[in-house]
Every structure is written in structure tokens, then in C-alpha cells.
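Notes follow once the structure below has been shown.
The model shown is predicted, which means the values in this text are computed figures rather than measured ones.
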Amino acid sequence: MTIAVRTRPSLRFRGKSFLALVLAPEVPLRDWLEDLDEVAKRSPGFFSGRPIIADVSALKPSKSELKFFLAALKMRDIRIIGLEGAAAAVLDADMPATVNGGRQAGDIDFPDLDAVALPATPAPPPAPVTALLVEGSVRSGQSIIHTEGDVTILGSVASGAEIVAGGSIHIYGALRGRAIAGCTGQSSARIFCRKFEAELIAIDGLYKTADDLGPKFHGQPIQVNLDGDSIILTTLD
Amino acid sequence: MAKVLVVTSGKGGVGKTTSTAALGGALAQSGEKVVVIDFDVGLRNLDLVMGAERRVVFDLINVVQGDAKLNQALIRDKRIENLSLLPASQTRDKDALTEEGVARVLADLKQKFDWIICDSPAGIERGATLAMRHADVAVVVTNPEVSSVRDSDRIIGLLDSKTEKAENGERVEKHLLLTRYDPVRAERGEMLKVDDVLEILSIPLLGIIPESEEVLRASNVGSPVTLNNPGSAPGRAYFDAARRLKGESVEMTIPSDKKGLLGKLFGRRAA
């Protein structure tokens, strides 16, 4: 049995991954800034126009130290789009946003003396499609984020837990939390679960809350797929 | 081999402190050497429930910071000699607890006691994470009610990831203690049933403590319910839970205070 759930113009949230250059300052900061100046002198324009993330986990800065560090980078025309490893307490609203969960992409070589302003870094080759298997249940407050492919959960997903997958999501227990499939723009992704009590489901940025879905499918084994801009729920039995 | 047990829940007001005192009292009466520790620094209550509030001199923070010796801070129960209390400080806050300090105190206590029962504060912040950090066994106290169940689920997730055992690739033994249970209301659908809670949390059941006025009565006279009225329904339920903690297999029942026919007839004393 298939019904199309009422659609309405909805917000879409999409994930995209980009390669960013990460600067990881070391203590003492003064020496590190001198080294930075040396690099900038050798290859002028290296930092211009690049998205740069500052990993301050080695620095463990206080609020004033962090402000000084950001000002020092600004003076050198280095634009920071995100901060990694900064304690929440030292952050201000006007500082760059915090980022975490980055994947290593290897060191980036500095250009030679004669090279001027590299073109923007090419995107990394698409990661091989891999599935993530979670043995057991996902508890409230836990978040499984796997943008590379499918996620399979052998247990249940509790209320207040969240699964985010680039591909499809398979849940062999009950889905009581959120399942967000196809987050990298894969509209063919699906969600399967043996007992549907979800708080929110989303595929390719299109989402429905439990309230939108009503009680019709509550407790049933279902699959969710996308048909154009409609989220379709189907019972599996 | 001493066992460190944390009584935790995430949500406040579900019966952590009551259960800590009652399980401590039950284990001590079975001959085990027991210490109960209050980790709720700044909002201590365990001293009141244990009836030791007028005997507190030094506390956990003093010992953690090295200002007092462990023996100076331990308060021995007046009713059972193998039951002791390590109170929390009421004037400090949870930031005064350090991980090394807590580890040192627990290591010292392991030399003296069979069971170290840590009464966790509500929440998932520093006090709660330090209380569970070194646990071998966790008792997750849950009321048959959706918000309590979800918070317990969150805590179980933390027990599986943020404890010393979890970080060493081992597992903390987890048990569910369902408190304030009323079978009649559960049957009427006014509260979650035992099976509903077990299905969501999927950890073994340690015991079901029935809703009873005996619990509040015991708290108000400063005595664990297992000492104040061991024969009451919650008292018997806590004794069963304590035996299960020791590894005995005890049939799961929900004790009740319902009086028999004679009890009903003669339950009220002649005026």
C-alpha cells in the first residue's frame, strides 16, 4: 500500500563537502607566526582566496589569546572560515564557526618560489562507496554521521538519536529518533526500518516530522523513498 | 574484589538517592561492607536520607583536595556498622571534583569496602560523568514515564562510551531499576508498562520498586527504606534487587502492600 504524504514547499538542507586548508598553529605562537610569514614571503598569494580552517587544539588558547591569534591572521590577509579544537567557552559570536569531524586529506605542499597563487585546490576524488554497520542500538543523544554511503543499524535508534547517511539507512530494530538519508544529494536513497516510530525522516534534504506523518504508519515495518518532491511511505509486509 | 556501582538516571527526581540508600542498606544487612558516596556536590541529599546530616564534618571535596583523610570524612552508620557514608560538600560546586582525585579516593575505598555505591547527580555534566567514570556496575534508575526513559537511554549511551571501562574496550554492567511503579495505573495505560520500558532501553531488569508512601516516610525520618521498614513492599523490592546485584537469581515480582481480607477488616486500629 502506498500513499503520498501531503507536500508543501519545504526548506531543503543539503550537505556538501569541500577541501579546506587547515592551519595548525603551535606554541610558541610567536615563532609559528614568523614561520608563517616566511612561507607567505616565499609564495605570495598562497593564502588568498582559499578557505582556511584554524586548528587551535595544540594552542589551547584563552579568549584573549584566540582574539590575538585571529587578529594576527587577519593582518596577514588570511581568512579563517572555521575553528577546530577551540573550547566553547572562548568563542564569541563574531568569531568563525567551529567545525569538527574533518577527514584527513594529507599535507598540502607549499608552492615553489616561482609559483604565484595556485588555482583553487581540486576536489578530492570521490570516496569509494562504503557501508557502515552499527552492531547494537544507537542511544538517545548519539549521532551517527556517515556521508560516504549506507548505514545499517542492527538494533534500534532511540528517541533523540540521529542517523545521517549519504546513502540509504537500514534499521533492523525500531526507529524512534531521526533518520536523514541521502544527505549528499542522493535522491534515490531510502530508509528502511522494522518498527516505525520516527521523530523525523529526511531524504535528500526533504524532511517530514512525526507530526506531518500522522499515526497511520506508527509501529509498522516500512520503507521510505522519494518520488520527485514527495516523501513516500510504504509498509514492508 | 570491591565493586564500584554507580546509581544514575540522567533525569532528576526519579529516586537515585533513595535507591542508593536503600540498596546500600540492603547490601550491608546481608553482611557486605558498603560505602555510599554522594557525588551531588552543591546539592547534597544523601546525608539527609541516611540520617547523618548532623554528623558531617569533612566531605568528598576535602578528601579529593587532600585537606582531610578518608577516615575523617567517612561517617559510619549508627544502625549497621558495616555501612558508611562519604558525604558531598554543600558549599562547593562540581568543578571542585578532579578526575585524579576521584580515582584516588575510589582506589582507597576499594581497600576497605566490598561495595562502593556512587550516588550520581542528575544531568550529564561533570558531576554525573565523574560519578560513572570508574564504575564496574551501573544501576539506571527510571520511572515508567517517557521523559525519564529517554534520559536513561542517553545515560546508557554515555556509560557505553565515556567510562573508563568503555575506553578500555570493556563494558560496564548495566541494570535497570524501575521505580515508582504502579501496576494498576500501568494496566490502565496511565504509565508505561515494564515491557515497554525494557523494549526501549534493552538492558536487564534489576528490580521493580512499587510506588509507596513508605519511601517518603523513610526519607523523612532519615533512614533507608530497607532499614526503616524492611518488610514493606519497596523494602522487599530493594532487598530482591540487592540479591540480584550479588549474582543470586531471584524471581521478578512486584511486591505490594495490599492487605488481605483480615488486614482490610482490622487494618484500622480501634479508636
Greatest number of non-hydrogen atom pairs under 4.5 angstrom with chain A, of B/Asp160, B/Val149, B/Leu201, falls to B/Leu201

Checked B/Ile124, B/Val146, B/Ile200 vs chain A; the most non-hydrogen pairs under 4.5 Å come from B/Ile200

Q) Under 6.0 Å from the CZ atom of A/Arg30, do we count more than 12 heavy atoms belonging to anything else shown? A) no

- Message: Checking side-chain polar atoms at under 3.5 Å, does A/Ser159 have a donor or acceptor matched by the opposite partner on A/Glu199?
- Response: yes

- Query: Hey, are B/Ser148 and B/Asp151 close enough side-chain-wise for a donor-acceptor pair under 3.5 Å?
  - Reply: no

Exercise for the section: Apply the salt bridge (charged side-chain N to carboxylate O under 4.0 Å, His left out) test between B/Asp40 and each candidate in B/Lys16, B/Arg126, B/Arg92, B/Lys94; give the one that qualifies. Expected result: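 When salt bridge (charged side-chain N to carboxylate O under 4.0 Å, His left out) is applied between B/Asp40 and each of B/Lys16, B/Arg126, B/Arg92, B/Lys94, only B/Lys94 qualifies.
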
Cut-off 4.5 Å, heavy atoms of chain A, and the answer for B/Ser152 is neither

